[in-house]
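Data block below; observations after.
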Amino acid sequence: MLYLFINLMPAKSIAEVTDDVIVDSCFITPEVWSVLAKPPIYKTNNLRQRVGSPFIAKGQKIRIIGRIFTNDCVPLRNALVQIWHPDYNGVIRTTTINTYTNDKFLYDTDKSFSSYREEDIDMRQETGDKNFTGSGSCITNNLGKYEFFTILPGKLTINDTKKINFFIFHLESNISMETQMFFSIDEMKNDKEVNSSIKISKNAEYLIANEITSTFYDEIIFPDERVFIFNITLPILQKYKKY
C-alpha cells in the first residue's frame with residue numbers, strides 16, 4: 001500500500017495522513033538560508049560511508065526520507081536535493097575536499113565565516129570524522145521521493161542546534177530553495193538562524209522532521225538506525241496536471 005505524506009499540517013501529524021487524501025494546496029516550506037556557505041556536495045545519498053571504503057562514520061545512524069511537492073500538492077520528479085551538515089562531533093567539512101580545518105567553524109577559502117565566531121563557541125577543535133562525507137545529493141523519482149543515509153549531526157557551537165541543511169533545485173521550473181530540517185520544535189525555536197530569517201513565517205513548524213516507525217510507513221527500519229520524514233513544498237504550481 002502506498003502512503004502519501006504531504007505538508008498539509010505540522011510535522012507531528014504528518015504520519016497520520018495516509019492514502020486517498022485529496023487536497024487543493026500544500027503549505028510552502030519556509031526558507032532558511034544558512035550563515036555558512038554551502039560546501040562541496042558529493043554525488044551520493046550515503047553520507048555515512050565514502051565510496052570504496054569499508055569504514056562507517058561514527059554516530060547515531062539516521063535515514064531521511066521525504067517527498068518534494070508543488071504548491072498544489074503534486075509530487076515533483078527530477079528535483080535535485082542536496083544536504084550537508086556537521087559530523088557527530090559538530091565538525092563541518094572545509095572547502096578543501098579532502099581535509100578538515102583545525103578551526104571547525106571556518107572554511108579555508110571563505111573569510112566571511114569569521115563573523116560566525118562568538119564568545120560562547122566551543123573551541124575544543126576536535127578532529128573531523130574522515131569517514132563522513134559531510135554532504136550528499138540525489139534526484140527525486142516519479143513519486144517525488146528522495147532518501148538519504150546519514151548520521152545525527154552534532155552542534156557547531158554550544159548554543160547551536162542539531163539541524164540539516166537542504167538545497168532543492170528543479171531545472172524545468174528554474175526554482176530553487178534552501179531550508180533547514182530540525183529534530184524538535186524547541187531546537188527550532190531556539191535557533192538564531194531561523195529567528196533572524198526574514199523569510200520565516202508562522203509556518204516554521206514545517207521545518208520539524210517527523211520520526212517514524214514501521215507501523216506508520218512501509219519502510220524497513222533497522223534496529224541501529226532512526227528514520228525521519230521531511231517533506232518539502234516548493235512555491236510552484238504543476239503546469240500539466242493536478243491531484
Side-chain angles (χ1 to χ4, degrees), residues 4-11 14 17 23 25-47 62-86 92-93 133-150 153 161-183 188 191 193-194 197-201 203-210 212 217 219 227-243:
L4 176 61
F5 291 90
I6 57 174
N7 272 353
L8 183 62
M9 55 188 67
I14 288 178
V17 182
V23 292
S25 64
C26 290
F27 289 117
I28 297 174
T29 302
E31 290 187 277
V32 184
W33 297 87
S34 175
V35 297
L36 303 181
K38 184 170 69 172
I41 304 296
Y42 282 88
K43 295 180 179 180
T44 175
N45 71 334
N46 185 2
L47 285 69
I62 66 171
R63 184 154 42 104
I64 305 171
I65 58 177
R67 298 175 73 182
I68 308 298
F69 292 98
T70 62
N71 197 196
D72 47 357
C73 297
V74 176
L76 196 61
R77 68 174 184 173
N78 294 331
L80 171 66
V81 184
Q82 300 177 333
I83 68 169
W84 66 97
H85 64 84
I92 196 166
R93 176 166 296 285
T133 68
S135 65
S137 60
C138 68
I139 303 294
T140 57
N141 64 15
N142 288 342
L143 297 176
K145 183 179 178 181
Y146 72 86
E147 183 173 31
F148 287 101
F149 301 85
T150 186
T161 57
K162 295 180 179 180
K163 58 193 174 186
I164 293 179
N165 298 288
F166 274 76
F167 178 81
I168 303 94
F169 176 69
H170 190 242
L171 180 61
E172 295 178 17
S173 57
N174 195 30
I175 290 291
S176 64
M177 171 185 286
E178 184 172 332
T179 191
Q180 293 176 335
M181 185 194 91
F182 294 86
F183 295 91
M188 186 272 294
D191 191 272
E193 289 184 37
V194 172
S197 176
I198 61 174
K199 293 188 177 182
I200 289 298
S201 67
N203 291 329
E205 65 265 25
Y206 296 108
L207 299 177
I208 310 301
N210 185 57
I212 63 171
Y217 199 79
E219 291 278 346
V227 181
F228 296 87
I229 288 181
F230 186 60
N231 294 322
I232 297 173
T233 300
L234 299 181
I236 58 176
L237 298 177
Q238 175 57 254
K239 296 180 180 180
Y240 307 110
K241 63 181 180 180
K242 181 177 179 181
Y243 289 168

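Residue numbers run from 1 in the order of the sequence given. Source: prediction; values computed, not measured.
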Nearest heavy-atom contact between Leu143 and Pro75 is O-CB, 3.2 Å
Can you tell me how far the [atom1] atom of [X] sits from the [atom2] atom of [Y], to the nearest 0.5 Å?
| X | Y | atom1 | atom2 | value |
| --- | --- | --- | --- | --- |
| Thr70 | His170 | OG1 | NE2 | 9.5 Å |
| Phe149 | Thr44 | CZ | OG1 | 9.5 Å |
| Phe169 | Ile139 | CZ | CD1 | 10.5 Å |
| Ile168 | Ile68 | CD1 | CD1 | 5.0 Å |
| Thr133 | Ile83 | OG1 | CD1 | 8.0 Å |
| Ile28 | Tyr206 | CD1 | OH | 11.5 Å |

Could you check whether any side-chain N or O of [X] sits under 3.5 Å from a backbone N or O of [Y], counting only pairs where one atom can act as donor and the other as acceptor?
| X | Y | value |
| --- | --- | --- |
| Asn71 | Cys26 | yes |
| Ser137 | Tyr42 | yes |
| Arg63 | Glu147 | no |
| Asn165 | Trp84 | yes |
| Asn231 | Arg67 | yes |
| Thr140 | Ala79 | yes |
| Ser135 | Pro40 | yes |
| Thr179 | Pro30 | yes |

Output, in order, the C-alpha distance, side-chain angles, deciding distance and verdict of side chain to side chain contact (heavy atoms under 4.5 Å, CB included) for Phe148 and Val81. CA-CA 10 Å; Phe148 287 101; Val81 184; 3.7 Å; yes
Side chain to side chain contact (heavy atoms under 4.5 Å, CB included) assessment of Phe182 paired with Ile164: CA-CA 7 Å; Phe182 294 86; Ile164 293 179; over 6 Å; no
Show your reasoning for whether side chain to side chain contact (heavy atoms under 4.5 Å, CB included) applies to Lys38 and Glu178. CA-CA 10 Å; Lys38 184 170 69 172; Glu178 184 172 332; 5.7 Å; no
Does the side chain to side chain contact (heavy atoms under 4.5 Å, CB included) test come out yes or no for Thr161 and Phe183, once each step is laid out? CA-CA 9 Å; Thr161 57; Phe183 295 91; over 6 Å; no
Are the side chains of Leu234 and Thr29 in touch, meaning some heavy atoms are under 4.5 Å apart? no
